[in-house]
There are 2 protein chains.
Amino acid sequence: MKGQPARAISERTIERLSLYRRLLAKLARQQSPHVYSHTLASLAHGTPAQVRRDLMLIGFSGSPARGYNIQDLIDRIDLILDSPDGQRIALVGVGNLGRALLAYIAGQRSKLAIVAAFDRDPAKTGRLINGIPCHSILDMPDFIRSRKITLAVLAVPQDAAQSVVDTLVASGIRAILNFVPVPIRVPRHVHVDDLDMMMSLEKLAYFARQAGNGD
Amino acid sequence: MKGQPARAISERTIERLSLYRRLLAKLARQQSPHVYSHTLASLAHGTPAQVRRDLMLIGFSGSPARGYNIQDLIDRIDLILDSPDGQRIALVGVGNLGRALLAYIAGQRSKLAIVAAFDRDPAKTGRLINGIPCHSILDMPDFIRSRKITLAVLAVPQDAAQSVVDTLVASGIRAILNFVPVPIRVPRHVHVDDLDMMMSLEKLAYFARQAGNGD
DNA sequence: TAGATTGTTAATCGATTAACAATC
DNA sequence: TAGATTGTTAATCGATTAACAATC
């Protein structure tokens, strides 16, 4: 069964759809039930042409007179981005950053939910952290398999990263949000998104300097 | 005075230079003092052609016989990415995420250092958090100006984001690492990098699903 | 020397933007 | 109707990759 047109939507477009949905949710609480491409574009810091093209790619139509129906568009994006029965996330590495991510992600209401955390340190396992059960990393493979967890957030020490990733992949994980500043190797069917804060800071530092050493 | 060739290096290339430097630092502790483009490429998950092109752009040369000298290359990248007298960072928003970022960034040794944190909540100000002084957000403009802080990390609640950004910009901030999931408006000379975790998770969830709903 | 690698230009690829007929 | 907006194709732009002469 092929629910959607199944034609590949690019990574960039998926990112923007996620952003559009968030902006539309705010718009929905306001005046008009419709929005023009130029309005949404300006909220998203994009161009009207890009908004129209993105919506074309997901087969969503508007009207030249009124623009796009906000609620219908939200529903359409939900259909694409959300899995009907939600998707479960495992957090691996319950250090400072891991705990903050736990609180942060739990705070957003979404079809995505962290259902378990794992750590090597026995002092951290066997109890709830931010309402999420924290288990020994030894129990991770069974847990991921039995609970059909497909996503992982990686926040372990650098040295442990690759071996934890290998375990995650062997357990059936399909995508990893990686906070560890080291390139991790995965098979082609597994997706990785690297959020490398030091790299971002170094990049910003460079461009801040370029911006004008004037005064 | 024009220290570097000053020809614009692209954002992507700067990101890779930051990554190369990190990988080279590890290589430097090992066997050979030289590295080939294909070796560095494979560590960085890139292509040899891209590595050579990046190094060409910064005017760094190797030898067909031995490849690139590791220490010389590190020194060259330092010259481009680092400011001789370091660059100071302000953290705004000392919630769960802010405190974790404080610990994380302090942990990396770098020419970049968080020198102050700011929060609206009086319960959090007037004391050290992770060794960093935390001040009232009212003192922020003076502090940023007098200490010549050019970078900011933004981790405040959504509602406060834009007004805090306006204050930062007015105080002379040149670049912002933004963890708040809302598009912020800045003048053209200010650089923003958005690290939007929920967007990344939603993107990964989509591609994890595409990857094969097979079994 | 023969063989591998560098430095650099040209070709390719993908994504964004412009343009404009069709529509309300 | 006149005027603005949509839907979509074509043009543009930027970044990556391929190719290969020069070099060690």
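Letters go in sequence order (proteins before strands), and every chain restarts at 1.
Nearest heavy atom pair, residue Leu177(B) against residue Met197(A), reads CD2-O, 4.3 Å.
Side chain of Pro64(A), nearest nucleotide from dT8(D), dT23(D), dT6(D): dT6(D). Which of dT6(C), dT6(D), dT16(D) sits closest to the side chain of Gln50(B) comes down to dT16(D). You'll find that the side chain of Tyr36(B) is closest to dT6(C), out of dT6(C), dC24(D), dA15(C). Nearest to the side-chain atoms of Met56(A) among the listed nucleotides dT8(D), dT6(C), dT8(C) stands dT8(D).
Atom P of nucleotide dT6(D) and atom NE2 of His38(A) are separated by 6 Å, given to the nearest angstrom. Separating the CG atom of Leu40(A) from the P atom of dT6(D) is a distance of 10 Å, rounded to the nearest angstrom. Distance Glu11(B) CD to dG14(D) P: 14 Å, rounded to the nearest Å. Atom CG of Asp54(B) is separated from atom C1' of dT6(C) by 14 Å (rounded to the nearest Å). Separating the CZ atom of Arg16(B) from the C1' atom of dT17(D) is a distance of 12 Å, rounded to the nearest angstrom. Spacing between atom CG of Asn69(B) and atom P of dC24(D) amounts to 16 Å, rounded to whole angstrom units. Between the CG atom of Leu57(A) and the P atom of dT6(D) there is a distance of 16 Å, rounded to whole Å. Remark: C1' of dT5(D) and CG of Leu55(A) are 13 Å apart, rounded to the nearest angstrom.
Shown are Ile184(B), Asp196(B), Leu195(B), Val156(B); of these, the side chain to side chain contact (heavy atoms under 4.5 Å, CB included) with Asn178(B) is made only by Ile184(B). Between Lys203(B) and the choices Arg12(A), His191(A), Glu15(A), the side chain to side chain contact (heavy atoms under 4.5 Å, CB included) rule is met once, by Glu15(A). No option in Arg16(A), Arg21(A), Arg22(A), Lys111(A) other than Arg21(A) meets the salt bridge (charged side-chain N to carboxylate O under 4.0 Å, His left out) test with Glu202(B).
Looking at heavy-atom distances under 4.0 Å, Arg53(B) makes contact with a base. Counting non-hydrogen atoms under 4.0 angstrom, Arg52(A) reaches a base of the nucleic acid. Residue Thr13(B) is out of contact with every strand shown, counting any heavy-atom pair closer than 4.0 Å.
OP1 or OP2 of dG14(D) has not a single side-chain nitrogen or oxygen of Ser10(B) nearer than 4.0 Å. The phosphate of dT5(D) has neither OP1 nor OP2 within less than 4.0 Å of any side-chain N or O from Ser37(A).
Each of Arg12(A) and Ser63(A) has a nearest nucleotide on DNA chain C; the 5'-most of these lies closest to Arg12(A).
Here Tyr104(A) and Phe179(B) keep their ring centres 6.0 angstrom or further from each other.
Pairing partner, dA11(D): dT16(C), with both Watson-Crick or wobble hydrogen-bond distances short of 3.5 Å. Look at dG3(C): its Watson-Crick or wobble partner, with both distances under 3.5 angstrom, is dC24(D).
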